[in-house]
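To keep things clear, I will list the structure first and then write my remarks on it.
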Amino acid sequence: MTAIVLHDLGSRRESRAWFATAAGAAAESGDQQLHAWVLAREAMVPLNYGAPRAAADLAGQARLAAGTRPTAAAVLGRVSKVDLEVG
């Protein structure tokens with residue numbers, strides 16, 4: 001939540017640092033869906049700050065972490081990828 005609020009406030013570096021902490025904790029916990037969601041949500045930061053390649057990389061990581069289950073994280077990762085291809 002902190003990472004999202006910082007992103008909304010325009011604090012890109014601080015937001016990315018909090019997303020990195022969240023992604024590491026989610027990966028360490030073994031919760032693949034949480035890890036995928038964090039990565040997919042983090043992809044919005046570089047997307048909003050003009051770094052589409054970095055956003056695409058994070059969206060791809062989110063899709064891989066989500067696996068084949070139809071979850072919110074998988075959809076968010078896919079939508080991020082589509083936004084990048086269309087935009």
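Here the structure is a predicted model, which is why all the values come from computation and not from measurement.
One distance of note links CZ of R13 with CG of L6; it measures 13.5 Å at 0.5 Å rounding. The distance from atom CZ of R63 to atom CG of L58, rounded to the nearest 0.5 Å, is 11.0 Å. Atoms CD and OG, from E42 and S15 in turn, are 7.5 Å apart once rounded to the nearest 0.5 Å. We find the OG1-CZ distance between T2 and F19 to be 10.0 Å, quoted to the nearest 0.5 Å. Taking CG from D57 and CG from L39, the interatomic distance works out to 11.5 Å, rounded to the nearest 0.5 Å. Atom CG of residue L9 and atom CD1 of residue I4 lie 12.0 Å apart, to the nearest 0.5 angstrom.
Between W18 and A3, the shortest heavy-atom contact is CB-CB, 3.6 Å. Counting all heavy atoms, side chain and backbone alike, Q32 lies closest to A65 at CB-O, 3.6 Å. Between A62 and A40, the shortest heavy-atom distance links the atoms CB-N, 3.5 Å.
Put simply, the side chain of H7 reaches to within 4.5 Å of the side chain of R41, judged on heavy atoms. Between R16 and P46, some side-chain heavy-atom pair lies under the 4.5 Å cut-off.
A distance-only check finds a donor-acceptor pair linking the side chain of Q33 to the backbone of A66 [under 3.5 Å].
A search for side chain to side chain contact (heavy atoms under 4.5 Å, CB included) contacts involving L64 returns nothing, not counting sequence neighbours.
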